[in-house]
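Here is the structure we will look at, set down as structure tokens.
Below, chains carry the letters A, B, ... as their sequence lines are ordered, and counting in each starts from 1. Just so it is clear, the values below take in all heavy atoms, side chains as well, and ignore hydrogens, waters and symmetry mates.
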There are 2 protein chains.
Amino acid sequence: MTKIIPFRNCDGCPIRHRAICATCDGDEFVQLEAMKYYRSYSAGQTIMWAGDRMEFVASVVAGTATIQHLVEDGRKQTVGLLLPSDFIGRPGREIALYDVTAVSDVTLCCFRRGEFEKLVTNTPHIAQRMLAMALDELDAARDWMFLLGRKTALERIASFLLLIQRRTVSTDGLVVPQPTPVSLPLTREAMSDYLGLTLETVSRQFSKLKADGIIEYASKREIIIPDVAALRNVAGEGAAY
Amino acid sequence: MTKIIPFRNCDGCPIRHRAICATCDGDEFVQLEAMKYYRSYSAGQTIMWAGDRMEFVASVVAGTATIQHLVEDGRKQTVGLLLPSDFIGRPGREIALYDVTAVSDVTLCCFRRGEFEKLVTNTPHIAQRMLAMALDELDAARDWMFLLGRKTALERIASFLLLIQRRTVSTDGLVVPQPTPVSLPLTREAMSDYLGLTLETVSRQFSKLKADGIIEYASKREIIIPDVAALRNVAGEGAAY
DNA sequence: CGTCAGGTTGATTAGGATCAACACAGGTGG
DNA sequence: CCACCTGTGTTGATCCTAATCAACCTGACG
């Protein structure tokens, strides 16, 4: 099941043009490439514990991870989804605030935190890229706050499917025949943690979407969206582009 | 009601040491000071509309504003609370994604967006300060996602009161006699928008906290917390410091 | 003195949580 | 090869929290 990463250097890296390194110029890029190292985690493994010292920051190269806040009484909320090209960790913070867990097999491109922080201080491009990515994440978090605060269960599921669909097609690159099958990186339970629901409610809303013809199952973890506009409608998103 | 700001320059500015300018060195600071201008808004005014072109970025000098996401059918969620020293806007984005509304009379220290963006590009300190602030906001947004996804109504109110208390005492500076009165910058309705509740539920939970002796009213918009630890307990936060 | 925004409280409803049973696929080991 | 187990997902019955609908209170202000 574990995918072997078939490259050792950044040429041919699948996230080369979207990750933190996307806007680096020649010299900066050389520095980054020199200090990077890969790490792999299998599905279910914890990448980082809340409260732990963070040894590294990293880009997700392949796989899916979640950022989670969990509390003694067992309540859990996923506060961030990490897909390929997303960044883990933050320069300037020593202690992790959240757990990071691999939900599928994950490959990371890591940088020792100390060295990376020096790079951020010294090379404006990287600081600016970090800033742009942080602000994008902040906007995404705010959209999710609306979802968690105001959307119905059905709308949450629909929004989540659209999110995955958007990220998937843009990852795989070129345009694909319209009714694309979308494979879901999360279990029903992991989705419920992300959507502020229970796994039973998630399951029920999937059934409802299927009954209404909004989605079809290729398998339990792979859906087909015959009409994206219809799904967008259910999600309560404008008919935007 | 409108407070007149009794200063023209940055000396004596109440947020000088916490805002975006906190870590600027002499030269950077001079540049920032040269390009700044003040704007005031009275309670209820909209500072920025979602979809509008952003002419400026700004620091909140005084007053309270909210960042809101609202949707055609009337649903509304406050996705950010802006208190003194918080930053509005983002370099590199032309169009606002959210509405920003003054909930009390607000004074901003503004910078033309174009000029500010140049400064971010050219002066590493400011880019790094922006990054640190953005990452702090991201953490705050993630904590709020937990609140919206998993906390009960009572816990949300308690958490909100603690948030305001924390920000208030740290704003006013020195330590104050223990049972501090905390003045609430938001109406019940504005709180409900922030907490993902209805205003009726907010009101009920206030009544419950009062009945349980966790809070007392100095007035409807000013509460006293006799025992912060007890409130923290209700909020479901650890007994942390 | 009347009006209105902000706030409280009550009665009822509804959406999702909770508790519970069952289905199904994939492994594992006898 | 089959029996068993475990992780994942579905569906049903019931309960409960917060939403909704509604009435009323209070104080500020013209």
So, A:Arg142 and B:Glu137, do they make that salt bridge, N to O below 4.0 Å? yes
Measuring only between side-chain heavy atoms, which start at C-beta, is B:Ile164 closer than 4.5 Å to B:Pro185? yes
Tell me: CZ of B:Arg75 to C1' of D:dT20, nearest whole Å? 15 Å
Should B:Asp86 and B:Arg167 count as an ion pair when the cut-off is N to O under 4.0 Å? yes
CD1 of A:Ile157 versus C1' of D:dT10: gap in Å, rounded? 14 Å
Can A:Lys76 and A:Asp99 be counted as an ion pair, charged N to O under 4.0 angstrom? no
DNA chain D: 5'-proximal contact among A:Arg150 and A:Met191 (nearest heavy atom): A:Met191
Aromatic ring pairing A:Tyr194/A:Trp144, orientation class (parallel under 30°, perpendicular over 60°, tilted between): parallel
Check DNA chain C against residues 196-211 of chain A and give the residues with a non-hydrogen atom under 4.0 Å, in numerical order. A:Gly196, A:Leu197, A:Thr198, A:Glu200, A:Thr201, A:Arg204
Is the shortest side-chain N to carboxylate O distance from A:Asp136 to B:Arg90 below 4.0 Å? yes
B:Tyr217 side-chain N/O to C:dT8 phosphate OP1/OP2 under 4.0 Å: yes
Between B:Arg166 and B:Glu237, does any NZ, NE, NH1 or NH2 come within less than 4.0 Å of an OD or OE carboxylate oxygen? yes
Given atom CG of A:Leu186 and atom P of D:dT8, what is their separation to the nearest angstrom? 12 Å
Atom CZ of B:Arg188 to atom P of D:dA18: distance rounded to whole Å? 17 Å
Integer-rounded Å distance: C:dT8 P and B:Leu184 CG: 10 Å
For atom CG of A:Asp193 and atom C1' of C:dA17, their distance in whole Å: 14 Å
A:Arg156 vs C:dG16: side-chain N/O to OP1/OP2 distance below 4.0 Å: no
A:Lys220 NZ to D:dG7 C1': how many Å, rounded? 13 Å
Separation of C:dG15 atom P from A:Leu154 atom CG, nearest Å, is 11 Å
